[in-house]
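Proteins get letters first, then strands, A, B, ... in listed order; numbering begins at 1 in each. The structure displayed is predicted, hence computed values, not measured ones.
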Amino acid sequence: MITMNKTNGDIAHILRKISFLLEMDTNKKNDRQTNAINFKNRAYNKAADQIENLSINIEKLYINEGIGGLLKIPSIGRAIASKIEEFIKTGEINYYNQLKSELPINVDEFLNLEGIGPKTLRLIYDSLKIKTLDELYDAATNGKIKTIDGFSQKKEEAILRKIDLYRKSKGRFLLGEIYPLVKQIEKYLSELDCVKRSVAVGSFRRMKETIGDIDFLAVSDVPQKVIESFVSMPEVKEILGKGSSKAFVKLNNGIDSDLLVVPEESYGAALQYFTGNKEHGIALRKIAQSKGLRLNEWGLFTLNSTENRIAGLTEEEIYHRLDLDWIPPEMRESKGEIELAKRELENTKKPREDRLLQLLGYRDLRGDLQVHTNNTDGKMAIEEMAYYAKEKFGLDYIAITDHTKSLKITNGLDEGQILDQANKISELNDKIKNDDLFLDKFSNEKTANIKHKKNSQRSSNASFRILSSAEVNILKDGSLDIPNNVLDKLDIVGAAIHSNFSLPIEMQTHRLITAAQNPSIDIIFHPTGRIINKRDGYPVDIPKLMESAKDTDTVLEIDAHYDRLDLKDEYIKMAVENGVRLVIDSDAHHQIHFAFLNLGVAQARRGWAKKNEILNTLPAQNLLDNLK
DNA sequence: GCCGTTTTCGGCCCGACTGTTTTCAGTCG
């Protein structure tokens, strides 16, 4: 009897626990058997990595294709596949239980405890029979750890410190939350006299929706000086380690931050190495190895007796020497981008827009199709939002999408108010044409602080356009709270779910599909309703929704608000592969929120989207002409 | 335990930092 309840995370977790216990079981002697166990635990870890990175659900894969499906996943062979099968069927893995009976420690507590690994824990267990984190903490507090052979006062203190840090650690941060801090530190490092350039790398450079730690890279001839400046920043709470080229700190907000300092000639290699992700990096180093080369953070080297650096200054030359085209950081998640880059190198003669790795650009959006105002739950007036969209963010159009009447908490608009708003928008557009909207009202003191981001392809003052729209509420049965004859008077209409989140997947999917089939609805806003780190969103059969969107010519939104980023990257990829059209909106409730558009672009790039797949890269009229 | 244009054995990505190691193991990213 199979009950659908094992996530990829659950499966990866138990495989990691097996790996941890196996590693605890390894003794120091370097005999052949020990060596085999060493690689055995690494195999379990590798399988866990692989599963965590998978976009499909393993349990579904197993139910549909059985063991054979599991065996198709790299790093999963007969032994691990059958253990996954056992776990899905029974919720347990006998092999794990056996290991645990030999070493009855609370593995969960130690798995993510930094600095104290399986080998250290084994020594402690052998001496003191410690099984839990609390017991370890007590033993260290009472001075028992330092009495163990091979341990010291210093190590005991380190253990206490690491447990304290572990208990205080907050896990992953939202990209949008830490973005300003990252930019601030990046600027601080860049402006140091001894630093030639500095950039944030790691998952931040890949623009992952959540960030586990912040990595920085700096180019300098005097690394020691840079490292001292880094660890003495006021943002640093604790120095976790520092050497001649690297430093590790914990920042005041609880996030870890690493710095690597390299000379100019290693910049590209270090950039590549520290941008990750891990699997992408490993794949590259294996390719290097297969070509008789060695790749590390200092460069790409030949393996002659006298090592020669053959690349390292730029990322491009590293990739090219490995017979790959340069891969945008947002794609480096080991999801097929390396194979693509291999083929891409043969396509260099093709026009830019046909290149496989030519993604949507950060300056490609021309409009924003979800903008709220103080007529409902926004903070600013229509004309203010329009002004900032145009002047500060260089947009050509915005759609005003206030909530509708059944969303009482936002004072949603009724039919009359929606039509009044549309009339007002029409008047504002007339004023814009006569160039007397933005000038009289807002230009005086505010423009002084505004950076003009004028782009040559963007149009003149007079062509800015405000589109009448609404974020119509999808009711429990999939119907809307505003009739079609009202919606049809608007330029463009979005629909979204804001209530009844706990309905089963069939009903939620039905609601969304019913909305998509409604001829008045152009876009489904934030299609899954998730709030990252807070709620999963309502359950949706994504493939079915995609199919319906495609059939009805309905656009799906990538909501760029940093705690939504909805659709998420893998669904964007699915939409792109299935020819479903997308837009990227900020969901702005205040002018500063237009900045979220960049996060939406990043998310789209992580889903491998190109410019022509995102509708609001078009001028306003083209966009409207392209709707259903 | 996984994997294979050197396939069924013999490899498995690579280097920095820490501690007490006087040449290395453990841990991490």
Side-chain angles (χ1 to χ4, degrees), chain A residues 15 18-20 22-24 26-30 32-50 70-71 73-84 95 110-124 146 149-159 161-162 201-203 212-217 223 227 239-249 256-262 266 269-270 272-301 303 322 334:
Chain A
L15 295 179
I18 291 174
S19 171
F20 191 93
L22 283 170
E23 206 176 346
M24 276 187 83
T26 323
N27 51 44
K28 278 182 187 164
K29 281 176 208 143
N30 201 15
R32 202 181 146 66
Q33 198 190 351
T34 301
N35 218 22
I37 293 174
N38 248 321
F39 284 108
K40 193 164 155 181
N41 72 54
R42 282 168 63 175
Y44 275 93
N45 235 333
K46 230 170 125 184
D49 284 344
Q50 197 60 244
L70 301 180
L71 287 171
I73 302 167
S75 305
I76 294 181
R78 290 250 153 237
I80 292 181
S82 73
K83 288 180 179 76
I84 293 173
Y95 183 56
F110 296 107
L111 204 55
N112 295 317
L113 176 60
E114 297 213 353
I116 302 156
K119 301 284 169 60
T120 308
L121 197 59
R122 180 59 195 256
L123 287 174
I124 296 172
K146 64 170 179 273
D149 214 23
F151 286 75
S152 64
Q153 176 88 28
K154 213 167 176 179
K155 223 164 172 176
E156 186 172 78
E157 286 165 3
I159 287 174
R161 218 169 41 240
K162 284 174 200 303
V201 286
S203 50
D213 62 359
I214 313 173
D215 301 318
F216 293 98
L217 173 64
I227 283 170
I239 301 168
L240 303 174
K242 59 172 174 158
S244 58
S245 62
K246 279 183 179 173
F248 315 97
V249 299
D256 284 346
S257 184
D258 303 348
L259 170 69
L260 171 71
V261 189
V262 297
S266 294
Q272 196 291 312
Y273 188 89
F274 270 78
T275 296
N277 73 0
K278 192 171 91 180
E279 286 73 24
H280 180 92
I282 289 174
L284 250 61
R285 292 193 284 281
K286 279 186 175 165
I287 291 173
Q289 203 182 31
S290 74
K291 295 180 187 300
L293 305 170
R294 178 160 64 232
L295 176 63
N296 59 34
E297 59 264 59
W298 305 101
L300 183 64
F301 300 91
L303 289 178
L322 298 176
S334 196

Check your understanding: Given that L260(A) and K83(A) both sit by DNA chain B, which one's nearest nucleotide is further toward the 5' end?
Key -> K83(A)

Check your understanding: Between dC2(B) atom P and E279(A) atom CD, what is the distance in whole Å?
Key -> 17 Å

Exercise for review: Quick one: label L295(A) by what it contacts on the DNA or RNA (base, sugar-phosphate, nothing), any heavy atom closer than 4.0 Å.
Suggested key: sugar-phosphate

Exercise for review: Remember a base hit wins even if backbone is also touched, and classify I282(A) as base, sugar-phosphate or nothing at under 4.0 Å, heavy atoms.
Suggested key: base

Point to revise | Separation between the P atoms of dG19(B) and dC13(B), rounded to whole Å | key: 28 Å

Review point. Are any of the side-chain heavy atoms of I116(A) and F110(A) separated by less than 4.5 Å?
Key: no

Practice item. For N296(A) and G299(A), indicate whether the former's side chain and the latter's backbone hold a donor-acceptor pair under 3.5 Å. Key: yes

Practice item. Pick the C1' atom in dC14(B) and in dT8(B), then give their distance to the nearest Å. Key: 28 Å

Review point. Just checking K242(A): base, sugar-phosphate only, or nothing, at a heavy-atom cut-off of under 4.0 Å?
Key: sugar-phosphate

Practice item. Please evaluate the base of dG15(B) for a donor-acceptor partner in the side chain of Y273(A) within a cut-off of under 3.5 Å? Key: no

Point to revise | dT20(B) to dA25(B) separation - P atoms, rounded to the nearest Å | key: 16 Å

Check your understanding: Is there a stack between F39(A) and dC12(B), judged by ring centres under 5.5 Å and planes under 30°?
Key -> yes

Exercise for review: Could you work out the separation of dT6(B) and dG11(B) based on their P atoms and round it to a whole Å?
Suggested key: 16 Å

Practice item. Output yes when a side-chain donor or acceptor of E156(A) lies under 3.5 Å from a complementary backbone atom of K146(A), and no otherwise. Key: yes

Check your understanding: When the distance from CG of N41(A) to P of dG1(B) is rounded to whole Å, what number comes out?
Key -> 12 Å

Point to revise | Whole-Å gap separating C1' (dG15(B)) and CG (L217(A)) | key: 15 Å

Practice item. Quick one: look up who dG1(B) pairs with, Watson-Crick or G-U, both distances under 3.5 Å, and put none if it's unpaired. Key: dC12(B)

Review point. So what does L113(A) hit on the nucleic acid, given a heavy-atom distance under 4.0 Å: a base, only sugar-phosphate, or nothing?
Key: sugar-phosphate

**Study point:** Distance between C1' atoms of dT7(B) and dC12(B) (Å, rounded)
**Key:** 15 Å

Point to revise | Whole-Å gap separating C1' (dC2(B)) and CG (N38(A)) | key: 15 Å

Review point. Do the side-chain N or O atoms of Q289(A) get closer than 4.0 angstrom to the phosphate oxygens (OP1, OP2) of dC14(B)?
Key: yes

Exercise for review: Output the single nucleotide from dT20(B), dT27(B), dG1(B) whose closest atom is nearest the side chain of K155(A).
Suggested key: dT20(B)

Exercise for review: In whole angstrom, give me the gap between the C1' atoms of dT27(B) and dT21(B).
Suggested key: 15 Å

Review point. With a non-hydrogen cut-off below 4.0 angstrom, is I76(A) in contact with a base, only sugar-phosphate, or nothing?
Key: sugar-phosphate

